[in-house]
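First up is the structure itself, then whatever we jot down about it.
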There are 2 protein chains.
Amino acid sequence: MNISQAATRAGLPAKTIRYYEEIGLITPGRGANGYRDFSQTDVHNLRFLARARSLGFTIEECRALLTLYADKGRASGDVKRIAQKHLEQIDSKIAELRSMRATLSDLISACAGDHRPDCPILTGLAGESR
Amino acid sequence: MNISQAATRAGLPAKTIRYYEEIGLITPGRGANGYRDFSQTDVHNLRFLARARSLGFTIEECRALLTLYADKGRASGDVKRIAQKHLEQIDSKIAELRSMRATLSDLISACAGDHRPDCPILTGLAGESR
DNA sequence: CTTGACCTTCCAGTAACTGGAAGCACTATC
DNA sequence: GATAGTGCTTCCAGTTACTGGAAGGTCAAG
């Protein structure tokens with residue numbers, strides 16, 4: 001099938017699929033006219049990639065996961081290790097955002113937000129409040 | 001003062017400060033030798049930028065905030081609007097990460113993580129579990 | 001006068017796409 | 001067969017916010 005159909009089935013933009021081929025994540029065949037020809041397996045791999053990316057795995061992690069996915073002799077421990085490491089990164093990102101959120105929220109609630117120039121948000125950012 | 005001292009006082013790498021000048025966030029003076037010469041105000045602005053960036057504001061938001069900071073006739077409402085919009089983005093990012101975390105965590109806990117090839121993480125990513 | 005630390009600019013690379021231009025291929029219609 | 005419209009191709013550039021490194025000028029100490 002052509003790229004637009006593969007894109008629809010995988011839930012990815014055609015542009016992204018071309019990019020994935022460019023970096024060697026997938027290697028669809030080619031028709032006589034030079035068009036990419038996607039097999040069911042290609043689409044399957046694209047869906048796999050779409051899900052992995054939506055869980056926040058980096059491209060390189062996706063590459064590793066896809067390799068493990070194709071390797072029927074894999075050890076599930078290898079997969080789990082990657083996933084756990086990623087989970088830790090998600091957790092630290094959440095913690096970082098929560099910390100930002102707390103500070104920002106405090107500043108916002110202290111600000112009148114009217115036509116007057118006095119602004120605790122700015123003075124907070126300027127470091128005058130500590 | 002020279003850039004390394006300004007960097008120390010602002011808590012930013014010298015590279016970053018040069019970058020900020022390049023994109024017009026700050027405009028330190030220059031000595032006869034061509035070295036940048038940072039005033040107290042420059043350092044103050046750098047610290048402001050460092051704090052704003054650490055709260056996750058984008059460079060363009062920082063630019064706007066810095067402009068408002070310099071404008072003594074500002075309306076605090078303008079500042080608050082920027083901050084609130086940013087807070088919303090933080091919240092949606094947190095929500096997204098939490099959703100990822102939940103899914104990933106489920107997959108991980110279902111995986112034995114040993115030498116065997118069976119892996120719920122991979123089958124989950126492949127979409128076979130739904 | 002040389003050494004070492006510090007400064008300068010400029011170029012390239014990062015992550016993961018995304019937009020757009022120029023040009024060939026296919027399908028349908030007139 | 002000409003034409004129009006859609007889809008495909010490649011290639012180049014831009015995005016965000018830096019970061020690393022090279023080549024070379026400057027300064028303070030000994």
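Computation of the quantities below employed the complete heavy-atom set of this structure, encompassing side-chain atoms and omitting hydrogens, waters and symmetry-equivalent molecules. Proteins get letters first, then strands, A, B, ... in listed order; numbering begins at 1 in each. Keep in mind that this is a model prediction, so the values were computed, not measured.
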Write down the distance between CD (E61(A)) and P (dA16(C)), rounded to a whole number of angstrom.
-> 9 Å
With side chains defined as the heavy atoms from C-beta onward, is the minimum distance between D42(A) and R36(A) less than 4.5 Å?
-> no
Choosing from dC8(D), dC17(C), dT9(C), which nucleotide comes nearest the side chain of R18(B)?
-> dT9(C)
With a 4.0 Å cut-off, would you call R18(A) and E21(A) a salt bridge?
-> no
Rounded to the nearest Å, what distance is computed from the CD atom of residue Q5(B) to the P atom of nucleotide dA28(D)?
-> 14 Å
Where do D91(B) and R101(A) land on the salt bridge (charged side-chain N to carboxylate O under 4.0 Å, His left out) test, with the steps shown first?
-> CA-CA 8 Å; D91(B) 282 341; R101(A) 204 219 116 90; 2.6 Å; yes
Against the side chain of K15(A), the closest entry in dA17(D), dG7(D), dG19(C) is dG19(C)
Y20(B) side-chain N/O to dA17(D) phosphate OP1/OP2 under 4.0 Å | no
If you find the nucleotide of DNA chain C closest to E60(A) and the one closest to E21(B), which residue's nucleotide is nearer the 5' end?
-> E21(B)
Kindly say whether L68(B) contributes a backbone atom to a donor-acceptor pair with the side chain of R74(B) at under 3.5 angstrom?
-> yes
To the nearest 0.5 angstrom, please state how far the NZ atom of K85(B) sits from the CD1 atom of I90(B).
-> 13.5 Å
dT18(C) phosphate, OP1 or OP2, under 4.0 Å from T16(A) side-chain N/O | yes
To the nearest Å, how far apart are I3(B) CD1 and dC6(C) C1'?
-> 11 Å
Measure from OH on Y19(B) to P on dT16(D) and round the result to the nearest Å.
-> 8 Å
Compute the angle between the rotation axes at the two ends of the helix from dC1(C)-dG30(D) to dC30(C)-dG1(D), each taken over five pairs, rounded to 10 degrees.
-> 30°
So, S76(A) versus D114(B): side-chain donor-acceptor pair below 3.5 Å or not?
-> yes
Roughly, in whole Å, what's the span from CG in N2(B) to P in dA28(D)?
-> 10 Å
Side-chain donor-acceptor contact under 3.5 Å, D106(A) with T103(A) = no
Close approaches to DNA chain D from residues 23-39 of chain A, in residue order (heavy atom, under 4.0 Å) = R30(A), G34(A), Y35(A), R36(A)
Got R53(A) and E61(A) here, is their nearest side-chain heavy-atom distance under 4.5 Å?
-> no
Please give, in whole Å, the distance from dA15(C) C1' to R53(A) CZ?
-> 8 Å
Base, sugar-phosphate, or nothing: which does F57(A) touch, judged by heavy atoms less than 4.0 Å apart?
-> nothing
Rounded to the nearest angstrom, tell me the gap between atom CD1 in I17(A) and atom C1' in dG7(D).
-> 14 Å
Interatomic spacing from OG in S92(A) to CG in L87(A) - rounded to 0.5 Å = 10.0 Å
Distance check: side-chain N/O of T58(A) vs OP1/OP2 of dA15(C), anything under 4.0 Å?
-> no
